Each structure stands twice: as structure tokens, then as C-alpha cells.
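First up is the structure itself, then whatever we jot down about it.
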Amino acid sequence: MAERKEIEIDFGRVETERMRLNVGPQHPSTHGVLRLEVELEGEIVTDVIPHIGYLHRCFEKISENSTFVQVVPYIDRMDYITSMNNELPYVLGIEKLMGIKVSDRIESIRVIISELNRIASHQIAVATFGMDAGAFTPFLFLFRDREMILNVFEKLSGGRLLYNYIRVGGLLQDAYPSFKNDVLDIIRKVRETNVEIMNLLIDNKIFIERTINVGTLPADVAINFGCSGPMLRGSGVKYDLRKVEPYSIYDKFDFEVSVGDGKIGTVGDSYNRNIVRMYEMEESCKIIEQALKFMPDASEDVHATFPKKIAPKGEIYTKAENPKGELGFYIIADGKNKPYRVKGRSPSFVNLSVLPYISKGYMIADLIIILGSVDIVLGEIDR
Amino acid sequence: MGLLDRLDNPYDVGPGILLGTVEDLLNWGRAKSDWYMSFGLACCAIEFMAVNAAHFDFMRFGTIPRPSPRQSDFMIISGTVTLKMAERIKRLYEQMPDPKYVISMGSCSNSGGPYWQNGYHVLKGVDRIIPVDVYVPGCPPRPEAFLEGMVKLQSKISHQAMFRKRQDMSQEDLDAIHNRQVEIERQFQEFQKVQQELKH
Amino acid sequence: MTTKEIFEKLKNEFNDDVISIFDDGMVSEPFITVSSKNLIDIMLFLRDEKGLMFDYLSCLSGVDYKENFTVIYNLFSIEIHHRLTVKVELPKDNPVIPSVELIWRSADWHERETYDMYGIIFEGHHNLIRILNPYDWEGYPLRKDYKAPEEYHGIKVPY
């Protein structure tokens, strides 16, 4: 790529009146019901105050009043794009508290569907990010492919979006006979489309010009703000819970932790955050291929390790790598069938809190780009 | 009964000719080009995005997304409405021009859904603040279910009476209309008189 | 480093402010209980001391126990890859605790959320207002004795 020339303009001399602008909560590019109070000087953003809570659905109060099994559907609805990934840390936490060991087949199905859901989530992230930058066609392409993944989930669990599939001590039901072939089909299709998207969107000159050097987040600031997922990896920090603290059977698979490399733009800008998602889709495909090989063929009773009664005792902070970042649950169980306290530490909640820091000094059109690159889901922020 | 249904009707007097009322014509236009307000609330918004995308192609219903309430004909409540959001929804509804319609998508906006019991911050049914035309059940509804809801809304619009029927009016209203006509006639005659005087 | 070694290290540095350690060796998460008096220094020590380097605040949660409120800090070190849980117990009638917002910026929103849900006051926080509930909401929803309101701005709340 040709070298980009920076044009320096001195804004210092002309001062315009400061204006307060309200973006949202029903704005089409706030990805849900986020309200931003933006202070502008002309077109330049001088301050951003996010107002959240427009989708506060009382998850923590409800979970204190439901049994351990009943909490799972509400966890689905936290980050409604990646329900399978959401269920995993909670279920793993309860299983760890109760000392349940599940079979290899169950674990590998869990890993496969989590990675499939990661692909689906990143597809939405890239699609909506493209839409924010003004590209509509990638949205259509990626949603077409996402339908294939949803069809597999539907065959497994009966739901297209919210599954309630991963249960404490097993799964809702075993994978159907043609599961392997379906998943292989998906991987092939995802790889095909990713090449297309790379040509169409990621390597597009207009897209590159819109996104590079916008919203740069240095690595130390990202860590101090508690960012995780592609947000942190985009800043060049190799931090992935699947590698750092392997849960489930992730330690058996060989994959790379993709980070923003700064080949185009600077490390930590919107472009690099987005490209990490593209790389991760490929890594997920690799993991799925290995997991399919690892998965025992013979079908089995996935209810065999179901506990008769779920009443653990103890406290645990259980976490897993969601597509958005580190999803954690602090579970306090006091020996009754209902949790005493479930605190959800959602990645988007923490990732969004860095927005005022990274969007100061950019144009208001860039603010939308930055928000798109953070990839938030409001259901998870507000819980 | 939409305009095109008239093809099988005794009104049909020949090839290419349809006899119908102005109301049918206008309703046909209204039902087949609805502009909706594009905003999403929660999980159902993702399903709604899937409806919008290539596989289900919502635009074949003649719908166009508008980002402003002032340009939209109907609004889709796609997800849980919380108390913090409820005031905003009501204001958005009030900003829409008449005639306006509302599709409530999913259990949450129908009745509070899974949050009905302990959700202290969830509005239990969007119909507590604004009138709803079509309810689509499901958590979230399948895209096909939502499309069925859209068909229901279109048939509702095409059946609506736009003008008040004469036989449905009360005697007072009829008298008022008659008086108004007499008054207009009188004013017109006066106006002519003044004009003739000016000519001379 | 295990929780036990960290506890020894802390005890040497801060004597009485580090109260106890819970480690039953079972599945349950081991944690250290400290007093709220010298919290800022302890947290700064945890973040900056060589060998500890807890540069990442994963989670901050409040709990309403029968006797007291408890604030739980889940720390993680991206440098060294070890984790620690720190608990601070607060009296029910006056739950005030120093803010760690300036140590880990991620505590900003977590503390606001804990204030919103439990009414725990974080001293030194630059903008301690409600975050999830509306700004004029009454009561602290996650307290065990909380009762949902009948009406909010003229809208009926219960089903």
C-alpha cells in the first residue's frame, strides 16, 4: 500500500461554539439502545458521555430467585448473539463446584458449537462495522452465511438465536448424525466468504482510509481499562483465555492467538480491532477441524452425567473467552438450589467504558466507526 | 378486501378495467408501501436484522427503513422495553405522523416475557404505554413468524376505512355537513356579488 | 503465586489491615479478606510490587450478606498469569469504601454499578451516580430486602 500522507491542519485559531448532541437511544448505528451525550466543537468530538441502562433486564435479581438450571436461559439473553459462548463459563463453573466430569464427546461438541457461534458473532460484528462505514453488501453476504450456522444450531437445540443447549453435566441432546458434514460445509463456506470479504471490504481503499488511525488505544491503557477480547488483542496484547487459562478441552488444540499487527494503520486502531476478528474466524475454523477429528464417533447418552440435584456450595469466579472478550461469572452458592449471588462480568460493559478515552479529538463520523469497532451488545452491557 | 381482489368480483366489467372506490385505491397504496422506523431494542432486533438481510428480504413487502419517526408509517417494538426506555418509546410513537401502526415483536414486548416476575425494571407489555396493532409471539419469533405479522398488518391497513361512511353518521353530523354546505354556497354568492360590483 | 504466598507477603507489609485468608483446598475460590482502612495502599502494592503485578481488574462485585456488605475484587495478572480474590467487608449501616478507580480505570463503571445496586459509597470516585437504573430511581435493587416499586412515572410496574 502506498504511504499515507498526514495532512496537518491547525484547528487552534478558530473556535466555534460548543454544542451538546444527543445520539440515541434509538439511533441506527448505536447497535442497540445506547445513548451517547456528545460534546462537539464544530465537527470535532471533545467529550463523550455514554448513558447505559436502557436495556437493564435485572439479570442478577432474577438469578437470585431462580434455580441454577433456570438461570441458563437468562444467560442466553445477556449477549444474544453468542448464546452458546455465554452458557459455557456458567455451566463450567457449576460443574467445577460440584465436581462433575463430562465425557470427551460432550466437551468437543461444546467447543465446536462455541467456535461456530464465535464465527457467527464475528460475522455480525464485521457486517455491522461495514455498514457503519457505508458498505451494505458485506452485510448481505455475511448474514447469508450466518443462516447456515443458525440452521445447525436449530437442528441441535430447536432455537435459532437463544438455545439453552449446554446444560449442567451435559447437553440438551446429542448431535444428530450428519452434524460433522454440516459443520465441514460451514467451514468451507466461511473460508470462501472470508476471502470475498477481504477483497470486498477489508482491503477496500475507502474502508481503509475510513478506519486506520482512528480511535487508537495503546496497550497499557487497554489493560488498565480492563479491555478484553479483540479490543485488547487489537492493541497487540496476546491475551486469550483459551490459551492463558485453558478451560474445557482447549488445551488439546493447536491455534494461534491473533493480534493486531499494524501492517496497515497503527496497532490498536479501529482497523486492527476489526482485522483481529477476521483472523479469529480462521483460527476458529482450525479449532473446529481439530475438534471434529478429536470427537468420538459413537453417539452416547449425553444425560448420563446429569446431577440428580444441583445444590453446590462455595464461591467461584468462572470465566471464558467470549467473542467480545472475557465473560466472567462470580457465583456464590450456599448449598441451596438457588444461587445466593451471580454477578455477570460482561466484556462489552468494560470495553465500552473506554469509549470516552479513545474518541476524543476525532470527527463525529469517526465516532460511529470507533463505536462499531468496539462491537458492543447492549443486552450484555445492561444485563 | 384489497383492490386486486376485485378482479374476481361482479364489479369487473372487462379486461383491464377495475371498478372500485377511491378508498380501496388509497389503502392499496398505503398497505404496499409501509415505511418503518429502523431501530432495535434487544434480542429480537437481531432476528429482525436477519429478516432484513438477503435470505428473508423484508423489502419485498414494499417496506423501507427510515431513521426518523417523522417519516415512518409503522414501528416495530423488537425486544424488551424497560422503564427507562418506555418514556422514549412513547415519545417516538407520538412523533410519528398519523396514520401510524405498531408491531409488537416477541414475548417481552407482548407481556414482559421471561422477565415478568422479578424484572423490577422491565415494562410488562408495551401496550401499557402505546396501542399495538399486531402481536407476534415467540422468544424470539422466527423470521417467518414476523413476516406473517407483517402480512397481518398489511391486511389490516387495506381493510381500514379512510372516509366516514354516510350511513354510519349521526343526524347531527349530517346536519352540520348540510349547514356547512349552505354556508359555503352563501359565501360564494356574496363573493361573486362583490366581484361584479368591483367590475362596475 | 498461590493465594497463600500472596497472603504471607501482604501480611508482612500491612500487618493488621490484612485480616484473614480462606483456602479450603477444594474447588471453592480462595480469597483474602482485608480491611477497608488501608485499601488503596494494599491495592497499589498488589498492582506494582514485583512478583505480584496484578495489572488487570477482572471483576468487582458487591454482595449483600446477612451481617454485612462485601465488595469482591477479582484480580488477574496479564504479565504473570495468576489470579487473586480480595474481599472487603463493610458494615450495613454505613457502607463506605475507598475507590480504586485511580488504580484500575475499569473500576469506574463497576463501582458505579455496585453503588447503583447496593448503595455502597465509593469515596473518591469522580462521578458516583447511578448507571443502569434511571437517575431518579429509588432504592437499591439487589439488596435482599428490596421491594419493587408499584409505579414509576405513572407506569404500573408489577405484572
Side-chain angles (χ1 to χ4, degrees), chain B residues 39-45 69 75-96 100 102-133 135-141, chain C residues 59-66 68-72 90 92-93 95 101 106-122 125-159:
Chain B
F39 77 110
L41 287 176
C43 333
C44 293
M75 161 197 238
I76 298 146
I77 311 291
S78 54
T80 319
V81 183
T82 59
L83 295 177
K84 204 171 177 176
M85 194 64 197
E87 291 165 351
R88 199 56 76 109
I89 296 268
K90 189 162 182 353
R91 187 186 294 175
L92 286 174
Y93 178 76
E94 281 162 0
Q95 283 173 343
M96 281 164 60
K100 51 194 171 188
V102 175
I103 295 182
S104 159
M105 183 183 184
S107 312
C108 289
S109 66
N110 289 349
S111 69
Y115 305 95
W116 72 275
Q117 200 175 13
N118 291 307
Y120 53 87
H121 191 241
V122 176
L123 182 71
K124 277 80 177 181
V126 74
D127 48 7
R128 287 189 183 181
I129 50 168
I130 56 173
V132 175
D133 293 283
Y135 295 90
V136 183
C139 188
Chain C
C59 182
L60 190 160
S61 35
V63 188
D64 178 7
Y65 286 114
K66 278 199 187 69
N68 53 26
F69 288 121
T70 303
V71 180
I72 303 170
L90 304 169
K92 274 226 157 164
D93 49 344
E101 183 210 4
S106 56
D108 179 1
W109 280 22
H110 279 303
E111 282 177 355
R112 271 176 73 187
E113 195 202 327
T114 311
Y115 163 73
D116 190 358
M117 294 301 173
Y118 288 98
I120 295 171
I121 306 222
F122 290 87
H125 192 285
H126 78 287
N127 183 25
L128 195 65
I129 51 171
R130 287 187 181 274
I131 185 164
L132 294 181
N133 290 315
Y135 297 118
D136 58 348
W137 192 258
E138 279 172 20
Y140 301 105
L142 277 182
R143 288 189 179 181
K144 292 280 176 190
D145 56 356
Y146 177 75
K147 280 207 170 59
E150 282 295 309
E151 205 173 67
Y152 174 75
H153 287 197
I155 307 167
K156 192 179 153 219
V157 176
Y159 184 75

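Chain identifiers are assigned alphabetically (A, B, ...) following the order of the sequence lines, protein sequences preceding nucleic acid strands; residue numbering begins at 1 within each chain. All figures in this text were calculated on a predicted structure; none of them were measured in a lab.
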At a heavy-atom separation under 4.5 Å, does C:K156 approach chain B through its side chain, its backbone, both, or neither?
both
Below 4.5 Å from any heavy atom of chain B, which atoms of C:Y152 appear? Answer side chain, backbone, both or neither.
side chain
Under 4.5 Å heavy-atom distance to chain C, tell me which part of [X] shows up: side chain, backbone, both or neither.
| X | value |
| --- | --- |
| B:E87 | side chain |
| B:L83 | both |
| B:S111 | both |

Between C:G154, C:P149, C:P141, C:A148, the one whose heavy-atom pairs under 4.5 Å with chain B are most numerous
C:P141
Assess whether atom CD of C:E150 is packed by more than 12 heavy atoms of other residues, nucleotides or ligands within 6.0 Å.
no
Does atom CD (C:E138) have a neighbourhood of more than 12 heavy atoms from anything else shown, all under 6.0 Å?
no
Which label fits C:W137 and B:Y120: parallel for a plane angle under 30°, tilted from 30 to 60°, or perpendicular past 60°?
tilted
Taking the six-membered ring of C:Y135, is NZ or CZ of B:K84 closer than 6.0 Å to its centre and within 45° of its axis?
yes
Could you go through the side-chain contact (heavy atoms from CB on, under 4.5 Å) check for B:K124 and C:V157 one step at a time?
CA-CA 7 Å; B:K124 277 80 177 181; C:V157 176; 4.1 Å; yes
Do any N or O atoms from the side chain of B:R128 and from the backbone of C:I155 form a donor-acceptor pair under 3.5 angstrom?
no
